[in-house]
Structures are given as structure tokens and as C-alpha cells.
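Below is one structure, written out as C-alpha cells; comments come after it.
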Amino acid sequence: MTPLRDFLEKLARPPEEIRAENLRAWASTVPGATPVASVQSRQRAKVAGVIQNIRIDPREGSGSIEATIIDGTGELIAKWLGRQSMSGIQLGMGLVIEGVIGTSSDQIPMILNPEYTLVPGPEHG
Amino acid sequence: MAKTQAALKRVMLGRPMSSGELEHTLLPKWIALPVFSSDALSSVAYATQEMLLVLGMAGAVATSKLVPTSLAVASLLALVVVSYRQTVRAYPNGGGAYIVSHENLGTPPALLAASALLVDYVLTVAVSITAGTEAVVTAAPGMEHLKVEIAIGFIIFVALLNLRGVKESGIFFAIPTYGFILSIFVLIATSLVRCLGGCPQAENLGTHLEVVATITPFLILKTFSAGTTALTGVEAISNGVPAFRYPQSKNAATTLTVMGTISISMFLGVSVLAHAMGVEFTEHSARTVLGEIAHTAFGGGLGFYVVQVMTAAILILAANTAFADFPRLASILAVDHFMPRQFINRGDRLVFSNGILILSALASLLIIVFTADLNKLIQLYLVGVFISFTLSQAGMVVHWRKTHEPGWRRSMVINAFGAFMTAVVLVVVIMTKFLEGAWIVIAGIPILMFMMHSIHRHYSEVRTKLTDPSRLPTDKRAGHQNVVIFVHKVDAAAARAVGYVRSLRPSTATAIATDGAVSAAWRRLAPEIPLEVLEPGRTLRARVKRHLRSRKANLPEDDFLTLIVPEVLHSRSLWEIVRSSRLHRLKASLLTEQGVQVLDVPLVRDQIIPHVDEAQEIARNYVVVLVSAVHNATLHAIEYAETLRPSDLRAVSFGLDPGEAGELADRWLNARIPHPLEIEDSPFRDIATSLSLYLKQFNPNGRDLVVTIVIPEAVVAKTRHQILHNQTALIVKRRMLFQDGVVVASVPYHV
């Protein structure tokens, strides 16, 4: 009966939970990446996640662009100042960023002007 | 309740898949063959039968013409397969008749092809399911009177499978298709062995040939055109190239050849056997032709039943081909603005759910109207098929002339010859089948074309008006805010509304009520907002509208006038909306009122209810404008949002694909809109749910912290056109009513 119960349990689980699990599994394959939930403020970290939200703000000086990434453990913001577009930044893409962890105005961990690499997300390959 | 519903849906249809999982549904050849060929292969079950039905009118002698005519049909089939191999190579992204004619022949032929195909798909479902039902009835003669019910049951079954998604149904569908092919080849082999000592003769149960015609060239033509049903479904692979694994074109072309070979062998085999066994067929025959052959060859034993079951199975799967193609074509047409936009939406399982539902409904309707009579339904079938064949191949001729790709001359000649032959057959089909029912399709196709043309014209008119720079809201300061509170009762929701209005500091604020009984309580709650009792009138809508118009007349042209509707909802169920349908109708009818916005302040009763007398001013009002594009309706909504004294104003867009997202961001920057734009992923394509999750970051409580969602709505002049717009807005509004601390503003923009 176990396989059947597993199957039924899988069906009854919210899809968001399954997705979070897939994201965690994917992020753990990126070498050197720290899960978002365990990053420490004011320390350097490398984080991998999928782009969930892109924010452009034309007001701040010459503009800014933010990408919120999720890795199944939490969310983290990558923010680039003085730019209005970033080539290749697309929803659903995998993004690996590295930099010093700060905090956004909404108390979400944030890396300002991080180095970044785009990688295929867990759902693209 | 909602949870149980969601769980039930997951059990029936499978878990929702995120958009990124889309690519995983690519098919290997051995699964693609059954998915895309069941239609073409299954025609074997009825093509020979339809020919015998025509020949039978001239008596038993005429059946000697069966084999030669079948050879002619088989040659045509081979020609069309070779011709479509060229298409598959040239159009790796899917070269259905619509796409090929649209690119090469222009819009009117493309619409003709699209209409023909849509009709064709509906008939594929109706004909295949009916023929499958006949196979069941042949094996179980007692169920004759339940044909319509059985057929509808089959349609529901296939529709459910398809709502789950193509890959899983692909594996599921492979077994019966291969089973059918195997059973027919075993049938042919067995019969040939038994024919060594002289063929066994069919008993032709219930068949009595009455000679009502003589063998004329017209009769032979009619037989030929009846036999061309064997060609139906050949085009399915050319539509489905993107569903193949890489290299897509090559795999698709190979599969097409395999399908053609199997199809021709089975069709000729059945025709030769029917002739050798002396099978005769009339409308009163108790068995189908294939059933009669199987009965003769296997002596009515197990083999007979296996063939019947396999035939029924593959015919039901044939309907599946159309279930893959109809929704896909509908979505392509919707992207090109020839069909309502709702057809673009993929459902929980990444399939085009709306198309699947419409197709099921139309096919069921046909089956009911024609009482599941195969011989009547099949008369409607061929016109659409041959129109699309001809246009598709003609389009390819133009394609080769334009591109001059390597080997273009050879391909062009093949396609040209194919187009010519199918055009000739089209004329033959129309000549021989017009009176028998083809006229219904011939009349229906222009109506469909006209509909698509009108939808296109409507969408492009609206687009022009939405982007018309002369109507763009300008740099001049946006107008001021004026509010009218609709007081139904002086209750907690009214208190919230007053608190909200106080924080807005509008230029003017008034209240209206249907009778004076509330005025004493109102004066206690909001002494500074004068309450006016509406003049009597026929309906609530009419009374409110009259009041708003007279208010509007005394305001500067650019000022906003917002009707604020406080609502206490007693539960989180949608029943509530039915219960308060009077309010709901009022809100809906105000959408079409020029220059009036509606702001909904809902309060679900299980939230903490503020004391009626304390109308607490809100401290923070986060304003979120929902956008999907930068146009006049959006800009208008943003100007409106600016008058709400927001503590934070941002635009958010959900569920765009990456290309659209990039374009939106560029337009946003170009339009110099001084507010941030966020583009949020909606992995399960459920915008209402994504929005609820998104709003959690604000922790709205409805007392001192409120989120106002501003929804721009393009309103068109004619009510019957309204269904083409704002469907998403409707869903979002309904869901947001039950969200704590969320206020919803509809900002109509009249085009």
C-alpha cells in the first residue's frame, strides 16, 4: 500500500510545496551555493535561485533594477544601481550571485551590485 | 471546501505543472506515431465501408469496382504523404494549413484554412467517436439503442484524458493504436491463409442489396470520394512537429512515412478481403464491414471480439488527434487576434483547457443532432479536409518559389501536383456530397471566417484606440479625487469605508442611501460627510447612475468620481456574490458609465470587526496597479492611483512570458512613468493566486494598513464585445473580495 499512499500524498500536496522541493534540490547542485535561509548579514555569500520577480525603478537617480530569487528556502534580492536593464535577466531563469549580504527596506536579504552568472533553471533543462 | 475541490481536481487531472515543465512534454517517435496518427490509421475502420455503401446501390455486381477504386484512393494517399513530408521539413515549428497559408497566401485563404480545419477537427471527434460506438454495437448488438449515450460517454472520457496533458495520454494511447495495427495485420494474414483453399464467404447479416442505381461514372466518382475518408488525419503530424523530440523535422518526416505505409497496407488489405469474401453493406447491416470480415475470418470467435475492441479503441484515440490540434490551432488564432484571447491560456496541466472544452461541446452537439448516425455525419466530413489539404500544399508551392531552398524545384513540383490533385478531389467531393449534407459545412465555413474577421477587426480597433497618442493622458496634473459612498447599512464595512475616505482627503465627499432610515446612524459615524437620499426610480442601478451623472456634470472634466461600495461578506464562499447580486449588478453596470470608478471596500465577517462608531483613518495605503501592457487604460489607472494618497505606488504584472516581460519593461521606461514596475512570475499561471501570495508581503489588516488594487479595464462600446476583454480582471476582482484588508478599484477606460 505504500506506493499508493505515496502517490495519494503527492497528489494532495500543494504544488507550491513540490516546486519548493525541486528548487532546493536544484540549488544544492550549484557548487559553493549557500541556501538563502542560512545566509548571514554582512558576510560574503554565493547564492543560487530562480528569478521570481524583476523590479525596475526609474525614480532612483539613473534607475535601478532588482531581481528577487527564490531557492525553496527563502527569497533574496539582487539589486543593481544605475542600470535600467540587465541583459539576460528573465523570469524563471537560474541566477547565481555573489556578494556581501545586506538588507532591503522590507527586511529581505539583499546583495547590492553582485557579480552574477545566468544558468539554466531547474525547469529549463 | 476550496481545499477539497483543489484536491479533487488534482486527483482527476493531476497536479498543476509549472510553466517551466512545458518542454518536458516532447514526444519520442514511437509515442508520437499513436498520438498523431490514430486519426489517419483509424479511417481504415470506415473508409472501405463507405465505398461499399455507395457501390451497393448498384447491386452486388458493382462491388467488383471496389478494389480498383481503392487503389486510386491509396495512390492519392501516398501522394499526400509525400507532399506533406515537404511541409514538415520546411516548417519545423508546425506547419498546419493555417500557418502555411497565412505566411504564403495571405489572410483570407488562411482564414478559409483555419475555418476548414476547425470544422474538420470537430467532425473528426464526432465521426471517430460514432464509428467507435458502431464497433461496440457490432460486438454487442443489444446496445443499439444506447448509441448516443455511449458516444457522449466516450467524448467525456477523452476530454478528461486531454485535460491531464498530452504526454501521459500519449503513453496511454500507444497501446491501443499498436494493438489495432497488430490486430488488423493478424486479421489480414489469417484471412489470406484461409483463402488458400478458396475464401470463406461473408454471411452479410441483415444485409439485403436493393438495386437503386446503375454503375455510372458518377457512381464511381462517388465511391472514390467516399473512399477518400481514408486520407483524413494525414495532416496531423505536420501540425505537431514542435511536439517531437529533436531533430524534430526529421523525426516527424520519418513518422509520416511510417504512418502512410501502415495506413495504405491496412486500407488495401481490408478492401481486397471485403471483395474476396463477398462482403456487402447497407445501412441496415448488423455489422460494420470490418466486423463482417473479422467474423468471417475468425468464425465469430475471440478474434472477432478482439478486432471490435481494438477498432473501438483506436477510433476513440482518433478523436484524441483532434483534441491535440483544435486547442493548439485555437491558441495560434488567438495569438493572431482571430479568436478570443481566452484560448491562449494554458490550464493547470499546461494544455489549452478552453479549446478542449469547446471542442467536446461542439462534437457532442453534432452527435446528438445526428443521433450518432455515422453515414450522415461522414457526409459533412470531407469538404473541410480537402480545403485544408489544397490550401496547405498551394501555400507550400509559393513557399518554395520564395525561398529557393536546396532542392526547391523538386519539392515545389511535388506540392504543386499534390495541390492540383486534392483540388480536383475537393470538386468531386462537393459535387457528390453537396446534397447529402456537405452543404452544412459549405454554409458554415464562411460564417466562421466572418466571425474571425470581425474579432480581428475589433481587437485591432481597440489596440489603435488604446495606443492613440492624442488620447493619452497628458503631463498635465491629473484631476482631483471626488468620492460618493454608497451606504447600504451603517455597519462595520461602512466604518472602514469612511476611514479609507478620510485618509484620501478627497476634494469632495458625499454619501448616498436608498432611504432615510440610515441617516441618524450615519451622522454619528461620519458627521462631515453629507448623506443624500436617492430620488425614487425604477431600479437601484438607474437611481445611482442618475445621481452620479448629476455629480459628474458639476465637476471639472479631468476629475475622478469614485463610487465607494462597502460590503460585509458573511463567508468566504462565492455564494456570497450570488446573495448580494443586487450590489454586484450595480458594480457591473457602472463599468460602462463614462468617468466613474468603483472602489470596493469588502469586509469578511470572520475578520475582527471594528466598532461601528470608530472610523479609523488608515496609516498606510499600499497601491498596486495591475498592468499587462503600457497603453492608455494603464496610464489612466496610474493617474487614478496617484490620487489615492499612496504610501507606496507600484505597478505589477503577472504571468507574462519572457518576451512580453522585456517588451513591457522597455515600454515602461520609454513612457517615463515615474513609478516602479515589478514583473512577477506566476509559475502556475493562476494570476489570482499569485497575486494573493504577492500581497502577503504587505501584511494588510484592513484597519490601519490597507492594500488598494487598481485594475485598469478597457471597456468597449458594445456589450457583446465585452466577453473579448477583461476576463482576467473579472477573476481577480472576484477573488480579491475575500482577501483581508484589500480594497479593489476598477478604473474603466472607454475605447
Side-chain angles (χ1 to χ4, degrees), chain A residues 4 7-23 26 49-60 62-70 72 74-75 77 79 83-95 104-108 118 120-125, chain B residues 3-4 6-24 348-350 622 648-662 664-686 689-690 693-694 697-699:
Chain A
L4 179 66
F7 174 71
L8 287 178
E9 250 166 37
K10 203 176 162 193
L11 276 180
R13 280 175 63 198
E16 293 80 12
E17 222 170 82
I18 296 175
R19 182 164 186 256
E21 198 172 279
N22 291 342
L23 287 175
W26 168 82
V50 166
I51 301 176
Q52 165 67 23
N53 178 303
I54 298 169
R55 178 187 170 102
I56 50 175
D57 195 336
R59 296 170 307 176
E60 296 184 27
S62 50
S64 75
I65 180 164
E66 290 175 27
T68 306
I69 59 171
I70 51 171
E75 55 180 358
I77 297 172
K79 181 168 185 171
R83 307 188 64 158
Q84 292 195 325
S85 70
M86 299 290 288
S87 64
I89 298 277
Q90 282 182 3
L91 292 180
M93 280 290 278
L95 185 66
S104 79
S105 54
D106 300 332
Q107 303 308 310
I108 296 168
L118 287 165
E123 287 149 2
H124 283 264
Chain B
K3 256 192 188 144
T4 329
L8 183 68
K9 197 171 162 198
R10 285 201 288 269
V11 172
M12 295 281 279
L13 302 179
R15 75 184 166 86
M17 295 159 89
S18 66
S19 304
E21 291 177 68
L22 185 59
E23 299 166 46
H24 293 218
D348 278 357
R349 299 285 289 176
L350 299 175
Y622 295 101
D648 178 284
L649 169 58
R650 64 179 78 178
V652 184
S653 180
F654 289 91
L656 296 179
D657 69 39
E660 291 171 321
L664 176 62
D666 287 346
R667 295 242 168 108
W668 189 265
L669 294 170
N670 283 340
R672 301 187 179 285
I673 300 167
H675 302 286
L677 165 73
E678 289 188 19
I679 299 167
E680 173 95 359
D681 198 9
S682 177
F684 300 101
R685 302 163 306 283
D686 175 355
T689 303
S690 296
L693 287 173
Y694 180 83
Q697 61 176 305
F698 300 112
N699 286 316

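Chain identifiers are assigned alphabetically (A, B, ...) following the order of the sequence lines, protein sequences preceding nucleic acid strands; residue numbering begins at 1 within each chain.
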Inset, instruction - Answer whether the closest heavy-atom distance between the side chains of A:N53 and B:I679 falls below 4.5 Å. - result: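 Of all side-chain heavy-atom pairs linking B:I679 with A:N53, none is under 4.5 Å.
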Legend entry - Engaged part of A:I51 at the chain B interface, taking heavy atoms whose separation is under 4.5 Å: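 For A:I51, the backbone is the part near chain B, not the side chain.
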Inset, instruction - Please state whether the side chain, the backbone, both or neither of B:R672 comes within less than 4.5 Å of a heavy atom of chain A. - result: neither
Inset, instruction - Measure the CD1-CD distance between A:I54 and B:E680 for me, rounded to the nearest 0.5 Å. - result: 10.0 Å
Legend entry - CG-CZ distance between A:D57 and B:R650, expressed to the nearest 0.5 angstrom: 9.5 Å
Inset, instruction - Keeping the roles fixed (side chain from A:Q52, backbone from B:D681), state whether a donor-acceptor pair exists under 3.5 Å. - result: yes
Inset, instruction - Output all residues satisfying side chain to side chain contact (heavy atoms under 4.5 Å, CB included) with B:L669, sequence neighbours left out; order by chain, then residue number. - result: A:I56, A:P58, A:Q84
